[in-house]
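For reference, the structure is listed below as structure tokens.
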Amino acid sequence: MSRRVRGRVEGTVQGVGFRPYVHRLARELQLAGSVGNDERGVVLEIEGEPGAVSAFLQRLPGEAPPLAQVERVLVRDVPSTGERSFAIVASARHGAPAALVVPDAATCEDCLAELRDPADRRHRYPFVNCTNCGPRFTIVRDVPYDRPRTTMAGFTMCAACRAEYEDPGDRRFHAQPNACPVCGPQARLLRADGSAITTTATDAVAGAAQLLDAGAILAIKGLGGYHLACRADDVVAVRALRARKRREDRPFALLAADVAQARTLIEAEDPEVRLLESPARPIVLAPRQPRAPVAPEVAPRSRELGVMLPYSPLHHLLSTDCGAPLVLTSGNLSDEPIAFRDDDALARLARVADAFLVHDRPIRTRTDDSVVRAARGRPLVVRRSRGYVPASVTLPLRAPRPILACGAELKNTFCLAKGDRAWVGHHIGDLRNAETLAAYREGIAHFERLFAVTPQVVAHDLHPDHLATAYALERDGVETIGVQHHHAHFAACLAEHGESGPAVGAIFDGAGHGPDGTVWGGEILAGDLRGYTRTGSLWPVRLPGGDRAAREPWRMACAWLVAATGAHVPPPPQLADAVGSESWDAVARMAATGFAAPQTTSMGRLFDAVAALCGLRTHTTYEGQAAIELEAAA
């Protein structure tokens, strides 16, 4: 008696060691057949004793590799062929790609053991990886996910690596970034002019650690772009980094070698530790320890610190060699996107970094670090990027036509949807920067290729002057739909939690174009995914000088005092020294008359006003600063 089934496995099953897992499971159960990738996922045929086939199908989803996410296993019986062996077959591509691409994953324990073992051939090799860890999204150019379609295509595997790659019993079987010191990418230590730096250290990473310990600022090439690093306890280095980067107040992220070191910086309970140690390795925001061993300038006027653990072998080596927490902030000047191409990094960061720790594996897609915090024991994502993208979201309703949602002007993220699946893009940033706008356009095009989405409907913000709106309206052959900013927030929250409504939502943010011509930002909406009723809002006040009021919170303090009292009032004592009486009087007249002062219900601007009235902040150096410092004080 023999049974043969043909099946398809859908979900995150490419680039995660799923085919060798199927091979091992089939061999264990003495089954014949084959397994391979195609543009939609994994396809397999299994033949053998009926009980063994049933056991295979029962065990298949539950024992999958750690990075795999099995969503569906679709099987049907087919005629037996009498096959006696099992094989992993070459990838096939017959139509549009629909397979899911895996996010980058932190280095696994097996690879770390090799990294630390002096007897291992990958000892201190900064690019050790396997099917359970390593770069994925940041190196993939196309699907199916095979080496020629990644930025590893230019590296030819040596005999030892090829043997691992072709051995179904090895954890590096078909690990596309597989490499070693003989055949893989190499790290180098450079000056700003591109010339090599020679140190007494055994390798480039150890040399970089020596420079950091001596007080240097380094530009370091990571998985999704460059970071700027210095010792977090070096006051002089941290101050120099702030001055050179032109980042006056915004907190710096920190790299800790392990959980024990992280706990010297932040209050890390079980929820924070789970986030720190997760494969995504995000920056975790948590209350700072009173005696955290960092310079005060790391996070001025903040009660929190943002800490991450190493997520690549290079970061593990660097943090261990240094022995102290490091500042690890984005490799850019303020308001610019992070550098990710080597020539661009050397040009843009030459006046910031004293040296560059680089490598020759190209980065395909620039991705910032993700930022999360634990809220009531659950992760609350502040910025979703490296480690989480491009994991998909299952929609509560199927999209009848492919959709592109263009996102907002500030902190932009785009989204593509097809069928019951949506792909939220990586954090892009503020589109007012020309390079960021170019990255936005390229990011959308890359997602459309990877996931075979050709949008027929393009959704955009109602604000006519937003660059994302302009991008939507210039697309040819699509239907465009304007969506009110706060209803978009409301619907996104419903969809994220698998709901379609009806519901009541409180949507608080800085600004959004209201259909009544005013600036919304503190709204109570009732409705569903299709529509809404505005049932409440903050009291509308004037926004003196428009966007300038967001950079000068004292203006909102003045506007709220005028709205609250109905009269012209002098500046309060805590603002009198920082704001001249003439400026105050001029803004008060704008608030009273409405000249160059549109109405707003913005919760963000209310926070700004309170922060100014508390004497915390009259002018800001980054978006949201006044509210952040008000929260810290509260």
Side-chain angles (χ1 to χ4, degrees), residues 106-107 111-118 120 122-129 181 184-192 194-223 225-241 244-245 252-262 264-265 281 283 292-295 298 307-331 339 342 345-346 349-350 352-361 369:
T107 312
C111 285
L112 284 178
E114 294 172 343
L115 184 74
R116 295 163 178 161
D117 182 1
D120 194 278
R122 290 187 174 90
H123 177 236
R124 288 191 63 85
Y125 181 55
F127 309 100
V128 56
N129 68 85
Q186 302 294 321
R188 295 175 297 148
L189 198 55
L190 304 177
R191 297 183 180 87
S195 61
I197 295 176
T198 302
T199 69
T200 59
T202 56
D203 55 53
V205 179
Q210 286 184 354
L211 294 177
L212 288 168
D213 285 338
I217 296 170
L218 262 66
I220 298 169
K221 186 177 181 181
L223 288 183
Y226 277 77
H227 289 104
L228 290 166
C230 68
R231 281 185 61 116
D233 58 357
D234 188 329
V235 175
V236 174
V238 175
R239 286 177 180 169
L241 178 55
R244 297 181 197 177
K245 188 175 160 67
F252 286 142
L254 299 171
L255 177 69
D258 50 33
V259 170
Q261 192 175 84
T264 68
L265 303 170
R281 285 294 199 277
I283 297 170
V294 298
V298 163
V307 178
M308 60 182 147
L309 298 187
Y311 54 83
S312 77
L314 187 149
H315 291 104
H316 277 281
L317 293 172
L318 194 65
S319 58
T320 301
D321 290 349
C322 285
L326 299 175
V327 167
L328 204 66
T329 186
S330 54
D342 299 335
L346 288 168
L349 304 179
V352 182
D354 300 308
F356 289 73
L357 179 59
V358 305
H359 59 78
D360 53 353
R361 183 178 66 204
D369 294 313

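All values below were derived from every heavy atom in this structure, side-chain atoms included, with hydrogens, water molecules and symmetry-related copies excluded.
Annotation for V352 and I217: closest pair O-CG2, 3.7 Å, computed over non-hydrogen atoms. For the residue pair V298 and V238, the shortest heavy atom distance occurs at N-CG1, 4.0 Å. In terms of heavy-atom proximity, A256 sits nearest to P310 at O-CD, 3.0 Å. Between C322 and D213 the shortest heavy-atom distance is O-OD1, 3.7 Å. The nearest pair of heavy atoms linking A355 to L211 is CB-CD1, 3.8 Å. Nearest approach of D203 to A206, heavy atoms of both residues: OD1-N, 2.8 Å.
Ring orientation note: the planes of Y125 and F127 are nearly perpendicular, at an angle over 60° on the 30°/60° scale.
With rounding to the nearest 0.5 Å, the separation of CG in L255 from NE2 in H315 is 6.5 Å. Once rounded to the nearest 0.5 Å, the distance linking CG of L326 with CD1 of I220 reads 7.0 Å. Atom-to-atom distance recorded for H316:NE2 and D321:CG is 12.5 Å, nearest 0.5 angstrom. Atom-to-atom distance recorded for L189:CG and L218:CG is 6.5 Å, nearest 0.5 angstrom. Distance check: L328 CG to S330 OG gives 9.5 Å after rounding to the nearest 0.5 Å. Atom OG1 of T107 and atom CG of L309 lie 11.5 Å apart (nearest 0.5 Å).
With contacts defined as side-chain heavy-atom distances shorter than 4.5 Å, the pair L115/R122 does not qualify. By the 4.5 Å heavy-atom criterion applied to side chains, V327 and L228 are not counted as neighbours. Here the side chains of R244 and D354 are in contact, with some heavy-atom distance below 4.5 Å. Residues R361 and K221 have side chains not in contact (no heavy-atom distance under 4.5 Å, counting atoms from C-beta outward). At least one side-chain heavy atom of L349 sits less than 4.5 Å from a side-chain heavy atom of F356. Contact check for H359 versus V205: no side-chain heavy atoms found under the 4.5 Å cut-off. At a threshold of 4.5 Å between non-hydrogen side-chain atoms, the residues P293 and L265 count as touching. Between H123 and P181, every side-chain heavy-atom pair lies at or beyond the 4.5 Å cut-off.
Judged by distance alone, with hydrogens and angles left aside, the side-chain atoms of R124 form no donor-acceptor pair with the main-chain N or O of R116 at under 3.5 Å. Q261 contributes no side-chain N or O that, together with a main-chain N or O of V259, makes up a donor-acceptor pair within less than 3.5 Å.
Partner of V294 under the side-chain contact (heavy atoms from CB on, under 4.5 Å) criterion, out of L254, T264, V307, D234: L254 alone.
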